[in-house]
S.K.: 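Handing you this structure, nothing more for now.
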Protein chains: 2
Amino acid sequence: MLEKPIRDRKAERHAATRAEILDAAWEVVRSEGLAALSLRDLAGKVGMQAPSLYSYFDSKHAIYDAMFAQGARAYLEQVRATPLTGDPLTDLRAAVRCFVRFCSEDPARYQLMFQRTIPGFEPSPETFAIAIEGLELLERRLAELGVTDARSIDLFTALGTGIAAQQISNDPGGDRWTRLVDDAVDMFFEHVTKHLPLTRRDPT
Amino acid sequence: MLEKPIRDRKAERHAATRAEILDAAWEVVRSEGLAALSLRDLAGKVGMQAPSLYSYFDSKHAIYDAMFAQGARAYLEQVRATPLTGDPLTDLRAAVRCFVRFCSEDPARYQLMFQRTIPGFEPSPETFAIAIEGLELLERRLAELGVTDARSIDLFTALGTGIAAQQISNDPGGDRWTRLVDDAVDMFFEHVTKHLPLTRRDPT
DNA sequence: GTCTATATTTGGATAGAC
DNA sequence: GTCTATCCAAATATAGAC
């Protein structure tokens with residue numbers, strides 16, 4: 001008896017083409033901006049006519065959604081590839097460095113995932129779930145440092161996204177802000193260990 | 001001899017209509033997103049046909065530019081309206097509170113001024129010059145505190161923009177991040193007074 | 001699965017009458 | 001200054017042949 005066709009060559013080809021389309025889409029948005037992605041352009045890059053794309057994606061938003069999911073998965077991979085030392089502060093620094101690098105190495109991806117400037121687009125629940133894993137990972141790292149209160153966590157995410165945002169907007173391709181990560185984490189850590197739980201000081 | 005016509009009624013009317021158009025434009029972008037502004041829509045809101053707008057603005061980008069300028073002027077006004085107490089730290093807190101409030105009270109304006117997501121648009125030099133005054137003002141405040149090194153200033157702007165960005169993205173209309181401003185400024189100030197000049201700690 | 005052809009909408013911008 | 005009419009380009013998406 002012959003082997004069963006456990007490899008579905010048709011499905012493989014389909015998936016490969018999907019991936020090729022997404023690769024081309026990333027190229028387009030990186031060079032011309034996220035909002036400038038058009039199906040005609042995209043189809044051209046992969047040697048197709050625009051309508052053919054609909055064999056692979058239901059709509060333009062579906063393409064954005066798949067790109068969002070790729071971004072979220074890429075982030076998780078980068079986080080998991082970061083070696084742990086066992087020292088919480090060192091590991092936290094590494095985590096933030098990882099996040100800031102992830103954001104600033106691809107502004108278009110950052111815009112897609114964190115800025116939401118495409119009118120009418122929001123990621124599907126399944127896609128968004130992937131992205132949430134990233135945040136939870138960060139919170140676990142903070143918890144290891146004894147930082148569990150919501151205010152401190154919020155302050156920390158503001159610091160991380162602020163560095164990334166400034167880097168992208170005002171020094172794309174450089175390291176003017178990314179190199180501040182370690183200082184920033186130290187600053188946060190010192191403050192938080194001194195004031196746990198972080199209390200509000202009203203200007204009375 | 002009769003008085004000269006020092007009031008140019010025609011010019012006044014023209015300026016008033018321009019202002020009316022810009023008001024309507026703000027309405028549109030606030031409710032439908034910055035990228036969703038279209039000349040047809042806009043003209044409709046002020047009871048015109050689209051081509052009539054060209055009597056007031058040379059192009060769509062010119063409208064964005066005028067909006068940018070209005071935003072920059074509005075920020076300067078808000079800064080100048082903030083009373084100074086003479087205590088540098090108090091004044092710095094107030095300045096950041098002012099900035100974060102300015103950003104988060106109008107996400108569309110924030111997107112126009114700080115995120116630059118409109119393909120092909122960038123403010124004219126004259127317009128941009130207004131915006132720069134704002135940053136210089138902040139730097140003067142920091143200088144009064146003895147903070148003059150570039151790294152510290154960059155860290156500070158990252159903190160401010162991070163709070164604003166998180167507020168807009170994750171709690172629009174609320175105060176989850178804006179209320180952290182005072183803590184953030186204190187954290188920064190403590191760190192900076194301890195480590196002046198802010199030095200780099202390499203993970204060797 | 002891919003194509004051609006096309007529907008449909010919408011956008012910015014211009015010409016020229018009034 | 002405002003209008004009508006129009007141009008031109010571009011977009012997403014669908015229908016149906018092959």
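Every chain is numbered from 1, with letters handed out A, B, ... down the list of sequences. Below, all heavy atoms of this structure are taken into account, side chains as well, without hydrogens, waters or symmetry copies.
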S.K.: Is it true that atom CG of D58(A) has more than 12 heavy atoms of other residues, nucleotides or ligands lying nearer than 6.0 Å?
M.R.: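 No, the 6.0 Å shell around CG holds no more than 12 heavy atoms from other groups.
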
S.K.: Taking the side chain from D171(A) and the backbone from Q166(A), do they hold a donor-acceptor pair closer than 3.5 Å?
M.R.: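 Absent.
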
S.K.: Atom CD1 of I21(A) to atom P of dG1(C): distance rounded to whole Å?
M.R.: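 After rounding, the reported distance stands at 10 Å.
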
S.K.: Just how far, in rounded Å, is P of dT6(C) from CG of L39(A)?
M.R.: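 Going from CG in L39(A) over to P in dT6(C) covers 20 Å.
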
S.K.: Regarding L37(B), tell me which of base, sugar-phosphate or nothing describes its non-hydrogen contacts under 4.0 Å with the strands shown.
M.R.: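 Sugar-phosphate contact only - L37(B) comes under 4.0 Å of backbone atoms but never of a base.
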
S.K.: Run D149(A) and S152(A) through side chain to side chain donor-acceptor pair (under 3.5 Å) and show every step you take.
M.R.: CA-CA 6 Å; D149(A) 66 302; S152(A) 297; 2.8 Å; yes

S.K.: Could you say whether K10(B) or P51(B) is positioned toward the 5' end of DNA chain D, judged by the nucleotide with the nearest heavy atom to each?
M.R.: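 The residue mapped nearer the 5' terminus is K10(B).
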
S.K.: With a 3.5 Å distance limit and no angle check, can you tell me whether R18(B) reaches the backbone of Y56(B) through a side-chain donor-acceptor pair?
M.R.: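 Yes; at least one donor-acceptor contact below 3.5 Å.
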
S.K.: Measure distances between side-chain N and O atoms of R40(A) and base N and O atoms of dA10(D), and say whether any donor-acceptor pair falls under 3.5 Å.
M.R.: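 Absent.
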
S.K.: Tell me whether the side-chain N/O atoms of S52(B) come closer than 4.0 Å to OP1 or OP2 in dC3(D).
M.R.: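 Yes, because at least one side-chain N or O of S52(B) sits under 4.0 Å from OP1 or OP2 of dC3(D).
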
S.K.: With heavy atoms under 4.0 Å as the rule, sort G120(B) into base, sugar-phosphate or nothing.
M.R.: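 No contact.
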
S.K.: Are S38(A) and dA11(D) close enough that a side-chain N or O sits under 4.0 Å from OP1 or OP2?
M.R.: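 Yes, because at least one side-chain N or O of S38(A) sits under 4.0 Å from OP1 or OP2 of dA11(D).
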
S.K.: Between L53(B) (CG) and dC3(D) (C1'), how many Å, whole number?
M.R.: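 It is 13 Å, rounded to the nearest whole Å.
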
S.K.: Would you indicate what T17(A) reaches in the nucleic acid, counting non-hydrogen atoms under 4.0 angstrom: base, sugar-phosphate, or nothing?
M.R.: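 Since no nucleic acid heavy atom lies under 4.0 Å of T17(A), the category is nothing.
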
S.K.: For the residue pair F121(A) and Y64(A), categorise the inter-ring angle as parallel (less than 30°), tilted (30 to 60°) or perpendicular (more than 60°).
M.R.: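 The rings of F121(A) and Y64(A) sit tilted, inter-plane angle from 30° to 60°.
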
S.K.: For G47(A) and for A36(B), locate the closest nucleotide of DNA chain C by heavy-atom distance; then report the residue assigned to the nucleotide nearer the 5' terminus.
M.R.: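 Nearer the 5' end of the strand: G47(A).
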
S.K.: In whole angstrom, what separates D58(B)'s CG from dG12(C)'s C1'?
M.R.: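 My rounded result for the distance is 13 Å.
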
S.K.: Roughly how many Å is it from CZ in F57(B) to C1' in dG1(D), rounded to a whole number?
M.R.: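 Going from F57(B) (CZ) to dG1(D) (C1'), I get 15 Å.
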
S.K.: Looking across every strand, which nucleic acid part, if any, lies under 4.0 Å from Y54(B) by heavy atom: base, sugar-phosphate, or nothing?
M.R.: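 Answer is base: heavy atoms of Y54(B) come under 4.0 Å of a base.
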
S.K.: Rounded to the Å, how far apart are Q49(A) CD and dA13(D) C1'?
M.R.: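 My rounded result for the distance is 15 Å.
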
S.K.: Whole angstroms only, please: what is the CZ-C1' distance between F121(A) and dA11(D)?
M.R.: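 Distance, rounded to whole Å: 18 Å.
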
S.K.: Without decimals, in angstroms, what is the distance between I63(A) CD1 and dA11(D) P?
M.R.: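 Taking CD1 of I63(A) and P of dA11(D), I get 13 Å after rounding.
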
